[in-house]
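Order of appearance sets the numbers: ligands from 1, and atoms from 1 within every ligand.
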Amino acid sequence: MLTISDIEELKKSLSVKRKEFRHISLVPTMGNLHDGHLKLVKEASQISDFVCVSVFVNPLQFGPEEDFSSYPRTLDEDIQKLENTECALLFVPEPNELLLDIKTHTADPFLSSILCGKTRKNHFDGVVTIVNKLFELFDPDTTFFGEKDYQQLMIIKEFVSRQSLNVLVKGIPTEREDSGLAKSSRNQYLKDDEKDKATLIYKTLCQVKKSITDSASLDKAINEGIEVLEENSFKVDYLEARSKENLKRSNDLEMTILLCAATINKVRLIDNLVF
Ligand code: PAF
């Protein structure tokens, strides 16, 4: 596996590789890789003969009160994990070089104003700005994102379509612990008892889905879900049912996705469940 930090070196290397390989995939990450990320790499290797991963903790997508400085940076471990995968090129840019003269972009106003966008102002603008920069550098045929960040996935798909970018965006199902807890880099902020408690988010999503399919009213089932989380000391940011196609409100159960963000002891976790 090649590890590159310098942008000129990346460009040179990719121009050679492009002649050698037919299908380039890019898996953008912020590092602290877990099985969810490794699954993206594996999926990429199924359709691509040159799999690239980027590791960059993107300051543009963190608010002033958020965890940019404490976000786990574990490059040595990340490299070790990637060495055992099909990843052929790892890009670890220098922040100053990557962000120099970066062209900023905005996320879709509707998609970025709901759910996480209500409290994380400008977060998704930061995401599309950096993802666009990575697409410019790599010009990948396909790119992979986890469905745990479902809103992010929808925003990136919309951005790619609006900008007519020639890249296929693939969403890959969430990787979970045996307990059901969605794998996330932020899980490592949790103490053992908090991690046990955090499993309640997915359990609640499953219970809300069951109640709704057993014909309870959607609002009632969701309110009961919020109550359960709050009784267990979560601060619930949102628990909502929306259309999995466009994240609008929808009464079509078959198209429904439940999405939740909740904070436990200052650690904000998100998860979702499709019907
Ligand atoms: O999902 C993430 O890890 C980040 O938001 C991404 C897509 C790598 C952009 O920084």
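Although no hydrogens or angles enter the test, the distance criterion places a donor-acceptor pair under 3.5 Å between the side chain of Asp49 and the main chain of Arg22.
Membership of the apolar cluster around Leu33 extends to Met1, Val27, Leu38, Leu40, Val41, Ile47, Val51, Val53, Val55, Leu75, Ile79, Leu82, Leu90, Val92, Phe144, Ile172, as traced through chained side-chain contacts below 4.5 Å between ILVMFWY residues.
Listed as neighbours of ligand 1 are Pro28, Thr29, Met30, Asn58, Gln61, Ile130, Phe145, Gln152, each bearing a heavy atom under 4.0 Å from the ligand.
Glu227 is linked by a side chain to side chain donor-acceptor pair (under 3.5 Å) to nothing, counting only residues two or more places apart in sequence or in another chain. Asp214 pairs by the side chain to side chain donor-acceptor pair (under 3.5 Å) definition with Lys210, not counting sequence neighbours.
One finds a salt bridge joining Lys195 and Glu177 here, because a Lys/Arg side-chain nitrogen approaches an Asp/Glu carboxylate oxygen to under 4.0 Å. Lys12 has no carboxylate O lying under 4.0 Å from a charged side-chain N of Asp6, or vice versa, which leaves the two without a salt bridge.
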